[in-house]
Undergrad: 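Next up is a structure, given as structure tokens.
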There are 2 protein chains.
Amino acid sequence: MLKPKPNLSAPIAQALREAIGQGQFAIGQKLPSEANLTALHSVSRPVVREAIAELRADGMVEARQGAGVFVIRQQPIGSALFEGIDPEKLSSILEILELRTAVEVEAASLAAQRRSPAQEDAIFSALKAFEEAAAAQVSTVESDLAFHLAIASATNNPRFPQFLTMFGRDAIPRDRLAAQGQEFIADGYLSQIQSEHRQIAEAIAARDAGAAGAAMRAHLQGSQQRYRRMLHRSA
Amino acid sequence: MLKPKPNLSAPIAQALREAIGQGQFAIGQKLPSEANLTALHSVSRPVVREAIAELRADGMVEARQGAGVFVIRQQPIGSALFEGIDPEKLSSILEILELRTAVEVEAASLAAQRRSPAQEDAIFSALKAFEEAAAAQVSTVESDLAFHLAIASATNNPRFPQFLTMFGRDAIPRDRLAAQGQEFIADGYLSQIQSEHRQIAEAIAARDAGAAGAAMRAHLQGSQQRYRRMLHRSA
DNA sequence: CTTTTCCAAGTTGTCTGACAAGATGTCAAC
DNA sequence: GTTGACATCTTGTCAGACAACTTGGAAAAG
């Protein structure tokens, strides 16, 4: 499947984001009028309006009817999160995995200290769901994330599952996650991953914080290795 | 100044975000056509198109010309970042500090393994700047963050300083950070903090990853205690 | 001279209609 | 069963018109 043809509004929105980010239009300042942007970019007015709608969604501008479109932020809300991440580069993915390792090792340790019986159940349910997906030879991407999220939730600190949602899913594009899921099946890694998952879950059930953290670290370092091998082969 | 009159596309974009978030349109599924949405919401087609442009900016949908508009995410990118954080509540602050501890302990350990001589210099410069601010009895909030950022940078993984920027500064309001700075001065904590900073810096200089991580953990747990005491007293 | 009112010009918001480009499904021909 | 033609639907863009609002300057009023 080829990428869809880009529309005319996207590069205009992007040019405006960059112009604002570089200080060409300061906070409180007015953007050029729609008529000016239409002439400047040689497009119709609705295309300009759609670009401005995108900036609105970014929280960067506010339009006042009759007055103009005014800058209220220099960067899209949350934009620093993914700055410099290039999904086509191995290094970007591994950087994210390294940051995730820091958080998830701590999460496993805290989960071992804090989990309730219900949360322990949820972890084992998620472990089972992963095993069922693996047995069915379908993609384990969602069930893998669900297992990690169940652990993060058992920290009883909502920042941990929130972090994981963002860095486990948002920062890595879906097609790359889907490809990962398929290749793990093909490469026969799933039983190794299952075994690692089980060790983590059992250490958490046993309230052994040190073992939970160590098992999670081993699992995630294994993931990094698997990921490296997979990407090197596909290059 | 009164709020600007809301336009017609904003509530439509919001209704669509909610419908997607609640699973009415699953990932991969097609939204109703523009013609349908136009009839459903009794607006013109450009208004619908602007609403869809907002969803595009959110990263939630992808339009394919001739085929339709397809859901690719259930939530806007980055939406989870500050969800549920209430800066007036001690628990929110401590939750963030706990997440930061996970990342900063790992960062200290990685910095000990990876730092260049220049980065080592930068860490000691930041240590000295903190000490000078403490001696001058001025707020140490910025120099404290700069010290932590110098360590995160020495990981040579840009995700770490990015994370710290967002969770060290953006998530906690400036007035609360400023109050913290002033109260640390009043409470005579600064020499304790300096001593802890020095232990971290020296472990990093010595390339002792274990000691660096342990010193950082002790420091940040000390910070949590100090923060708790301070907040309990001001209540 | 100062303040208030009015109005023209400019700006965003919405609608209508038309056509282009592309996707999808059906049917006929091979 | 496969391929090509075609109709229908869908998104992308353009043009034109009018509504609603803002701003600044000029004129009128005090």
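Here the structure is a predicted model, which means the values were calculated and not measured. Note on naming: letters A, B, ... go to the chains in the order of the sequence lines (proteins, then strands), and numbering restarts at 1 for each one.
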Undergrad: Take A:Leu8 and A:Phe70, find for each the nucleotide of DNA chain D with the closest heavy atom, and name the residue whose nucleotide sits nearer the 5' end.
TA: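 This one resolves to A:Leu8.
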Undergrad: Measuring to OP1 and OP2 of C:dT14, would you say a side-chain N or O of B:Ser44 lies under 4.0 angstrom away?
TA: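 Looking at the OP1 and OP2 atoms of C:dT14, neither is under 4.0 Å from any side-chain N or O of B:Ser44.
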Undergrad: Let me know, please, whether A:Ala67 or A:Ser42 comes out on the 5' side of the other along DNA chain D by nearest nucleotide.
TA: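 Of the two residues, A:Ser42 wins.
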Undergrad: Nearest to the side chain of B:Ser33, which nucleotide is it out of C:dC15, D:dT11, D:dG12?
TA: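 Side chain of B:Ser33 sits closest to D:dT11.
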Undergrad: Taking the side chain of A:Asn7 as heavy atoms from C-beta outward, which of C:dC15, D:dT11, D:dT13 is closest to it?
TA: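 Side chain of A:Asn7 sits closest to D:dT13.
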Undergrad: Roughly, in whole Å, what's the span from CD in B:Glu50 to P in C:dT14?
TA: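 Rounded to whole Å, this separation is 7 Å.
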Undergrad: Rounded at 0.5 Å granularity, tell me how far NZ in A:Lys30 sits from CZ in A:Arg64.
TA: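 CZ of A:Arg64 is found 10.5 Å from NZ of A:Lys30.
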Undergrad: To the side chain of B:Val47, which of C:dA20, C:dC15, C:dT12 is closest?
TA: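 Nearest nucleotide to the side chain: C:dC15.
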Undergrad: Answer yes or no: is there an ion pair linking A:Glu106 with B:Arg100, defined by an N-O contact shorter than 4.0 Å?
TA: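 B:Arg100 and A:Glu106: not salt-bridged.
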Undergrad: Under 3.5 Å, side chain of A:Glu131 to main-chain N/O of A:Lys128, donor-acceptor pair present?
TA: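 Side chain of A:Glu131 to backbone of A:Lys128, a donor-acceptor pair under 3.5 Å: no, none is there.
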Undergrad: Report the distance from atom CZ of B:Arg64 to atom P of D:dG12, rounded to the nearest whole Å.
TA: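 One finds 11 Å between P of D:dG12 and CZ of B:Arg64, rounded.
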Undergrad: At less than 3.5 Å, do the side-chain atoms of B:Arg45 and the base atoms of D:dT10 form a donor-acceptor pair?
TA: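 In this structure, the two groups form no donor-acceptor pair.
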Undergrad: Among D:dC14, C:dT12, C:dT24, which nucleotide has an atom closest to any side-chain atom of A:Glu34?
TA: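 Closest of the options to the side chain of A:Glu34: C:dT12.
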Undergrad: In whole angstrom, give the distance that lies between atom CD of A:Glu62 and atom C1' of D:dC21.
TA: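 That distance rounds to 15 Å.
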Undergrad: Using atom CZ of B:Arg49 as one end and atom P of D:dG12 as the other, report the distance to the nearest whole Å.
TA: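 B:Arg49 atom CZ is separated from D:dG12 atom P by 5 Å.
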Undergrad: Base, sugar-phosphate alone, or nothing: which one does A:Ile52 contact when heavy atoms must sit under 4.0 Å apart?
TA: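 Result for A:Ile52 = nothing.
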Undergrad: Any salt bridge linking A:Arg49 with B:Glu50? Criterion: basic side-chain nitrogen under 4.0 Å from a carboxylate oxygen.
TA: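 Between B:Glu50 and A:Arg49 there is a salt bridge, with a charged N closer than 4.0 Å to a carboxylate O.
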